[in-house]
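Down below is the structure, laid out as C-alpha cells.
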Amino acid sequence: MRSASTNSISSTRPEASSPIRAIAELAEDLPKLVYVKRPAPDKDPRLAAMLDGIRQDARVSYRTFGAAEELRGMVRDDIALLLSERFAAPAPPPDPDPDLATVPAPASPILGRDEEIDRLEKLLRDPGVRLVTLTGPGGVGKTRLATELAVMLADAYPDGVRFVELSTVTTTDLVGAALAQELGLHTTASRPPIDDVQSYLRNRTLLLVIDNFEQVAEAAPVISTLLAAAPGVTALVTSRAALRLTGEHTVEVLPLPLPDPDSDYSDARTGAVRLFVDRARAANRDFALTPENTQAVIEICRRLDGLPLAIELAAAKVRVLPPPALLERLRKGIGALTGGARDLPVRQRTLRNTIAWSHDLLTHDQQRLFCHLGAFAGGFDLAAVESVFGPAAVDTLDVLVESSLVTQDVRESEPRFRMLDSIREYALDRLRDSGLWHPAHVAVAGYFLALAERLEPLLGIDPAALEGLEIEHDNLNASMNWFIDERDYQRAIRMGWALWVFWWLHGHVEESARYMYQIAAEARDLSDEATAFLLIGTGATAFVSGDTERAERDLTRAEQLLRTFGDDGNRALATGVLGTIAMRRGHYARARELLEETRLLGANSNTDWVRSLYYSRMGIISLREGDPKTAARIFREGLETARGSYDRLGTIADLYSLAVTAVTTGDLDGAEQYLRDGMTNAAEAGDRGSMAFCLEALADVCARRGRYARAVRMTAAARSLRTASTTVWLRAYVPDWPTAYGGLPALRSQLADEEFSSAWARGSEDDISSAVEFATS
C-alpha cells in the first residue's frame with residue numbers, strides 16, 4: 001500500500017520547522033508530498049536548510065505554488081495518481097508464443113569448425129561466462145556457428161534456447177521492441193518493451209542467442225541490463241564488432257582453413273575444400289574432387305579467402321562451370337558470385353551485398369578510409385597508415401578492425417593489417433567510384449618508394465632491412481607497376497635502384513629483369529642520369545642472368561654517360577662488372593685494367609663495397625692463372641675490407657672464395673671453417689641462396705673425409721633452401737667449387753638405402769636455423 005503525508009508551508013515563522021520535522025519523522029519511509037508557497041522561505045537559516053534536505057530526498061515530491069486554487073489542484077491530481085497506482089491490477093507476466101524464438105534448423109551440416117565448436121561449447125558451459133560474442137567479417141559463418149551451438153546446447157539449459165534475429169532492426173530505440181516481438185511476448189503498453197523482456201527472462205535459465213547485432217551496436221548496454229536482471233541467462237551474440245561490455249568473451253570467427261600453398265595437395269581436404277565439395281555435390285551430384293580439378297578448387301578457395309559464404313556461392317556454379325573455368329571467372333572479380341539460395345537474407349545472396357551491408361554501417365570518414373586502404377596490395381602497418389593518411393586515421397582504422405572489415409596480424413610486437421581479397425576488391429570498386437583512385441594510389445606508391453630508398457643503405461648490413469622489404473613485397477610490386485602504368489619512369493627507376501640488392505639476395509632476379517627490361521622498352525625522353533641508372537640496372541641484371549652480350553652493351557653505354565657528369569661511384573659499379581665479363585672470357589689483361597680502374601674510382605668516391613668487389617675479381621684471376629697462394633692473399637685483403645665496411649655481401653663472397661682456395665691446396669680444415677663462417681653470415685642476412693651454396697660445399701668437404709651420411713643431409717638441406725634465382729648472385733661473384741667427389745650418385749653408392757633415405761629425409765626437413773646448427777656442430 002502506498003500512502004502519503006502532505007504539508008503546506010506558507011509561513012516564515014521559525015516555529016514552523018518543528019511540526020514539519022515531526023510529521024517527516026512519523027511518515028518514515030512513506031512517500032511525501034511537500035508544497036511550498038512561492039517565494040520559498042529563506043529568512044530562517046534552519047528552515048532553509050531543512051527544505052534543502054527535503055529537496056534531495058528521493059521519496060519526496062517537492063512542489064511550489066502561488067495561490068490557494070493552484071495548491072488545491074495540485075493536491076487533487078497527486079492524490080488521484082497515488083490511488084490509481086494503489087488499486088490498479090498488477091500486469092500479468094508476459095506469455096510467450098511457443099512458435100517464436102526457436103532455433104532455425106540447419107539446412108546442411110557444418111564443416112571445418114570442429115575446433116571452434118569444442119572451444120565455444122566449453123566456454124558456454126562455464127558457469128562464470130554470461131556473454132560470448134562471435135565476431136568476424138560478413139559471410140564468415142558466425143550465424144551458422146551460433147545455430148550449431150544452439151542446437152548442441154539446447155539440453156544444457158533447463159529452459160532451453162531462444163534465438164533472436166535482429167538484421168531488420170536499424171534503430172537502437174527499437175531493440176527492446178524487437179527482442180520482445182522475436183520472443184513472442186505480449187507487451188504492456190504502459191511500460192517499455194525491454195521491461196517485459198526482463199520480466200520474462202528473470203526467473204529462467206536459458207541460452208539467449210542474438211544474431212546480427214552490428215547495426216544496433218549502440219544498444220549494447222541493453223544486453224548488460226538483461227543479464228543483470230536475469231542471472232540464469234547466458235547470451236551468445238553474433239556481431240561484426242565486439243560489444244565492449246564488462247564480462248564479454250569475444251571470439252573471432254576466422255575463415256575456413258586452406259591447404260598449405262607449399263604442399264603437394266595431400267592435405268586438400270581442409271575445411272574450405274570440404275565445404276566446396278559438399279556444396280558442389282548439392283548442385284551437381286556427379287561432382288567429385290579429382291587430380292585434374294583439385295588444384296583449381298584449392299585456388300578458388302584461396303582466392304575467396306576461405307569465406308564460407310563465398311565458397312558456397314562459388315560451388316553452386318559447378319552446375320554450369322567446371323572448377324578451372326570458374327577459377328578463370330573469379331580472377332576477373334567477385335561479381336561472378338551471385339545467385340545465392342532464395343532462403344538467404346537479401347544481403348547474403350551475393351558476396352558484394354554482404355560486404356556492402358558492413359560498409360553501409362560506417363560513417364562517411366570511416367567509409368573514406370576503408371576505400372583508401374584498398375590501395376595497399378599486401379597489407380600495411382600503422383606507420384604506413386599514419387604517413388599516408390595522417391595520425392588521426394589510426395582511430396578510424398581501429399573501428400574498421402572492430403567491424404571485421406580489416407584484419408589484424410601481430411608479427412612479434414609490430415601489428416600489421418590486411419583486407420581479405422574479396423573485401424579489398426569491394427573497397428577498390430568504391431574507391432574508383434569516388435573519384436579518388438588516382439590520388440590514393442599516388443600516395444601509397446610514394447610511401448613505398450620512400451621506404452625503399454630509406455632502407456637501401458642498410459640492405460647489405462642489417463638483415464632486418466631485407467626482411468622489412470620482404471614483408472612489403474606485394475606493396476613494392478604494386479608501386480612499381482603503378483609507376484610504370486602511369487609512365488612515371490623516373491620514379492620507377494629510382495625504386496629499382498633502391499631494390500636491386502633486395503631482389504638479388506631474396507631470389508627475385510626474374511622480377512628485377514621484368515621491370516628493368518619493361519622500362520627500357522617503354523621509356524622515352526629520360527634524362528641522361530636516369531638513362532645511366534637504368535642501363536646499370538639492365539646490364540647488371542643481364543649479367544647475373546647469363547646474358548653477357550646485353551650486359552656488356554648496356555654497361556659500356558652507362559659508363560660513358562656516367563663519365564660525362566662525373567659520377568665515379570656508379571662508374572665503378574659499371575667497370576667492375578665489365579672487368580668480370582672480361583675475366584670470364586679469359587681476357588685477363590683487359591680484366592685487370594678495368595678492375596684497377598674500378599679500384600681507383602671506388603677510392604675517389606669512398607665506396608667500400610666497390611673495393612671489396614675489386615679484390616674478389618682480382619683473386620679469381622690469380623686462381624684461374626694457377627696461383628692459389630696469391631689468390632688467397634687477395635681474398636683475405638678483400639675480406640678485411642668487406643668486414644671493415646660492414647659489407648655482408650662482400651664478406652660472404654670472400655669467405656666462399658677463400659674456401660675454394662683452401663680446398664685447392666688440400667686444406668680441408670680451413671675450407672670448412674671459411675664455409676661455416678660464410679653460412680653464418682648468409683643466415684644472419686636471410687640469404688637462403690648463399691646458405692645453400694655453403695652447405696653444398698660443406699657436403700663436398702664431408703664427402704672428401706668419408707662422412708657420407710652427414711654429406712647427404714647437408715646436400716638435401718641445401719636443395720630445399722635454394723632455387724635457381726636465390727643462388728644466382730653469388731654464383732656470378734665467386735669461383736667455381738672444385739668438386740672432386742662424384743656428387744649425389746657417389747654418396748648413394750657409399751650408404752645403405754635405409755641410411756641414405758634417413759639422412760636425406762632429415763636434411764629435407766631442415767630450416768635455416770636447424771641447417772646452420774647441424775652444419776656448425
Side-chain angles (χ1 to χ4, degrees), residues 104-114 136-148 151 165 167 212 253-259 261 263 265-358 420-426 428-429:
S108 56
I110 190 168
L111 299 172
R113 295 294 190 191
D114 296 343
V140 80
K142 301 183 295 294
T143 299
R144 181 65 186 87
L145 186 55
T147 56
E148 188 72 16
V151 171
E165 212 279 330
S167 63
N212 290 296
V253 180
L254 299 174
L256 291 172
L258 294 163
S263 74
Y265 301 134
S266 59
D267 60 346
R269 290 301 185 122
T270 57
V273 175
R274 286 173 58 203
L275 179 65
F276 183 95
V277 172
D278 181 81
R279 300 305 186 260
R281 283 177 179 163
N284 178 1
R285 64 182 182 180
D286 295 327
F287 179 83
L289 202 62
T290 67
E292 292 73 28
N293 67 21
T294 295
Q295 186 170 357
V297 170
I298 290 172
E299 290 303 318
I300 289 169
C301 294
R302 186 173 293 130
R303 181 166 288 275
L304 298 176
D305 299 302
L307 282 176
L309 174 64
I311 291 171
E312 292 192 17
L313 293 171
K317 302 294 183 184
V318 301
R319 285 189 295 263
V320 292
L321 290 171
L326 176 58
L327 175 61
E328 191 59 35
R329 291 188 58 137
L330 286 177
R331 287 190 173 119
K332 299 175 182 177
I334 61 173
L337 297 184
T338 61
R342 291 188 178 92
D343 58 350
L344 285 174
V346 173
R347 70 178 188 281
Q348 290 189 344
R349 292 182 191 171
T350 74
L351 187 57
R352 288 186 64 85
N353 286 350
T354 302
I355 301 170
W357 169 266
S358 295
L420 298 179
D421 287 346
S422 51
I423 294 177
R424 178 174 178 255
E425 183 179 325
Y426 179 83
L428 286 172
D429 286 346

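Everything quoted here is computed from the prediction, not taken from an experiment.
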**Prompt:** Is a side-chain donor or acceptor of Asp305 paired with a backbone partner of Asp421 at a separation under 3.5 angstrom?
**Reply:** yes
**Message:** So which atom in Pro257 and which in Gly112 form the shortest heavy-atom distance, rounded to 0.1 Å?
**Reply:** CD-O, 4.1 Å
**Complete:** When rounded to the nearest 0.5 Å, the distance separating CD1 of Ile300 from CG of Leu321 is 9.0 Å
**Message:** Nearest 0.5 angstrom please: Asp429 CG to Arg424 CZ, how far?
**Reply:** 11.0 Å
**Message:** To check you understand the geometry: which heavy-atom pair defines the closest contact between Phe287 and Ala280, and what is its length?
**Reply:** CD2-CB, 3.5 Å
**Request:** Can you see which heavy atom on Leu258 is nearest to which on Ala272, and at what distance?
**Result:** CD2-CB, 3.7 Å
**Message:** Measuring from atom CD of Glu312 to atom NZ of Lys317, what distance do you get when rounded to the nearest 0.5 angstrom?
**Reply:** 13.5 Å
**Message:** Would the distance check show the side chain of Asn293 and the main-chain N or O of Ala288 forming a donor-acceptor pair, the cut-off being under 3.5 Å?
**Reply:** yes
**Item:** Closest heavy-atom pair and its distance - Ala310, Leu304
**Value:** O-CD1, 3.5 Å
**Message:** Between Lys142 and Pro137 (side chain of the first, backbone of the second, donor and acceptor by atom type, cut-off under 3.5 Å), is there such a pair?
**Reply:** yes
**Request:** Over all heavy atoms of both residues, which pair between Pro259 and Thr270 is shortest? Give the atoms and the distance, please.
**Result:** CD-OG1, 3.3 Å
**Message:** Given Val273, which partner from the list Leu289, Asp278, Leu111, Leu256 fulfils the side chain to side chain contact (heavy atoms under 4.5 Å, CB included) test?
**Reply:** Leu289
**Message:** What I want to find out is whether Glu299 reaches Arg303 closely enough, with some N-O distance under 4.0 Å, to be called a salt bridge.
**Reply:** no
**Asked** Taking only residues two or more places apart in sequence or in another chain, which ones pass side chain to side chain donor-acceptor pair (under 3.5 Å) with Arg113?
**Response** Glu116
**Fill in**
Between Leu307 and Pro255 the two heavy atoms that sit nearest each other are N-CB, 4.3 Å
**Message:** For the OG1 atom of Thr147 and the CG atom of Leu145, what is their distance to the nearest 0.5 Å?
**Reply:** 7.5 Å
